[in-house]
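Data first, discussion second: the structure below is written as structure tokens.
Remember, predicted model here, so these are calculated numbers, not experimental data. Keep in mind that the numbers below use all heavy atoms, side chains included, and drop hydrogens, waters and symmetry copies.
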Amino acid sequence: MEFTIKSGCGTSIEDFYKMVELDKKVFGEDVITNIGFAEGRYKKNSECFIAAYDGEEFAGGMMAFPITDSLASRMRSLQELIDDDISPEDVLPFAKEEGHNIFILDIVVDEKYRRTMLSVMIMNQFKEILKEKQKNGFNIKTILGFAVSKGGLMIAQRMFETKIIGSIEDVVLVEMK
């Protein structure tokens, strides 16, 4: 296996739809509740979108983006599980004069590529994207993500300094630095 990792402007809407299909395969058909919102989020800001391939086969990916302060506050309140229902209006472009809350919406790896370090490769690419953003004057205030599995939580804890905010509906909200 030799993985190719694409990110940001190196990705396409076709990569996005391959990730949607993998999400459905791994998490079930109802994982995407509003494909219009999902596509709108990708089109609004795909700078932290990552697609991984084994040859021509889509092996995994990640979707993350800057979100509004109000949405980050709603997440932290743990009054509701906010995930696939995020409106594209709550996704922000990167701007140098602002601090950004980055939300990791999704990390998915095809089952046959688990235990290959692909999830670590995807997270390392994400960290490189954020490091480059910071180097170029974009302030990253915080990184948030809901861990829906123990494996997802373990990856976050292995790759970042983490703080567990709390949980809702058996899903853990994690803040990463």
Whether over 12 other heavy atoms sit under 6.0 Å from Lys141 NZ
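Correct, the count exceeds 12.
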Should the heavy atoms of other residues, nucleotides or ligands under 6.0 Å from CG of Asp170 be counted, would the total exceed 12?
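Check fails, neighbour count at 12 or below.
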Could you walk me through whether Arg76 and Glu175 pass the salt bridge (charged side-chain N to carboxylate O under 4.0 Å, His left out) check?
CA-CA 9 Å; Arg76 283 189 183 94; Glu175 183 173 6; 3.8 Å; yes
Do the side chains of [Y] and [X] get nearer than 4.5 Å, heavy atoms only?
X: Val31; Y: Asp84; answer: no
X: Ile35; Y: Val20; answer: yes
X: Leu144; Y: Ile102; answer: no
X: Gln157; Y: Ile164; answer: yes
X: Cys48; Y: Phe94; answer: yes
X: Lys18; Y: Glu21; answer: no
X: Asn45; Y: Pro66; answer: yes

If you take all heavy atoms of [X] and [Y], which pair is closest and at what distance?
X: Gly60; Y: Leu118; value: N-CD2, 4.2 Å
X: Leu22; Y: Ala59; value: CD2-O, 3.8 Å
X: Ala51; Y: Phe58; value: CB-CE1, 3.7 Å
X: Gly166; Y: Leu78; value: CA-CD1, 3.5 Å
X: Gly152; Y: Ala147; value: C-CB, 4.3 Å

Please say which of Asn124, Val108, Val109 ends up in a side chain to side chain contact (heavy atoms under 4.5 Å, CB included) with Ser119.
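Considering Asn124, Val108, Val109, a side chain to side chain contact (heavy atoms under 4.5 Å, CB included) with Ser119 is found only for Val109.
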Just checking, is any N or O donor in the side chain of Tyr53 or Glu2 under 3.5 Å from an acceptor N or O on the other one?
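Note: Tyr53 and Glu2 side chains miss the donor-acceptor criterion.
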Side-chain H-bond candidate by donor/acceptor type, Ser77 with Gln79, under 3.5 Å
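Absent: no donor and acceptor within the cut-off.
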Let me confirm one number: the [atom1]-[atom2] distance from [X] to [Y], rounded to the nearest 0.5 Å.
X: Ser7; Y: Ile129; atom1: OG; atom2: CD1; value: 4.0 Å
X: His100; Y: Gln134; atom1: NE2; atom2: CD; value: 9.5 Å
X: Ile122; Y: Phe3; atom1: CD1; atom2: CZ; value: 8.5 Å
X: Phe27; Y: Ile32; atom1: CZ; atom2: CD1; value: 10.0 Å
X: Met176; Y: Phe126; atom1: CE; atom2: CZ; value: 7.0 Å
X: Ile50; Y: Asp15; atom1: CD1; atom2: CG; value: 12.0 Å

Donor-acceptor contact present, side-chain [X] to main-chain [Y], <3.5 Å:
X: Asn34; Y: Phe37; answer: yes
X: Lys133; Y: Glu47; answer: no
X: Ser46; Y: Lys43; answer: no
X: Asp85; Y: Asp83; answer: yes

Apply ring-ring contact (aromatic ring centres under 6.0 Å, His included) to Phe49 and Tyr42, showing your working.
CA-CA 8 Å; Phe49 180 80; Tyr42 173 83; 5.1 Å; yes
Output yes when [X] and [Y] qualify as a salt bridge under the 4.0 Å nitrogen-oxygen rule, no when they do not.
X: Glu132; Y: Lys135; value: yes
X: Glu39; Y: Lys44; value: no
X: Arg41; Y: Asp106; value: no

Would you check, one step at a time, whether the test side-chain hydrogen bond (donor to acceptor under 3.5 Å, both in side chains) holds for Asn101 with Asp69?
CA-CA 7 Å; Asn101 301 296; Asp69 286 337; 2.7 Å; yes
Would Met75 and Phe146 count as a side chain to side chain contact (heavy atoms under 4.5 Å, CB included) here? Give the steps.
CA-CA 9 Å; Met75 287 178 179; Phe146 285 105; 4.1 Å; yes
For Ile140 and Ile143, run side chain to side chain contact (heavy atoms under 4.5 Å, CB included): C-alpha distance rounded to whole Å, both residues' side-chain angles, the deciding distance at 0.1 Å, then the answer.
CA-CA 8 Å; Ile140 309 298; Ile143 306 164; 4.3 Å; yes
Audit row: Met19, Asp23, side chain to side chain contact (heavy atoms under 4.5 Å, CB included) steps and yes/no
CA-CA 6 Å; Met19 184 160 164; Asp23 271 330; 4.2 Å; yes
Do Met159 and Val120 pass the side chain to side chain contact (heavy atoms under 4.5 Å, CB included) test, and can you show the C-alpha distance, the side-chain angles, and the key distance before you say yes or no?
CA-CA 8 Å; Met159 301 300 294; Val120 172; 4.0 Å; yes
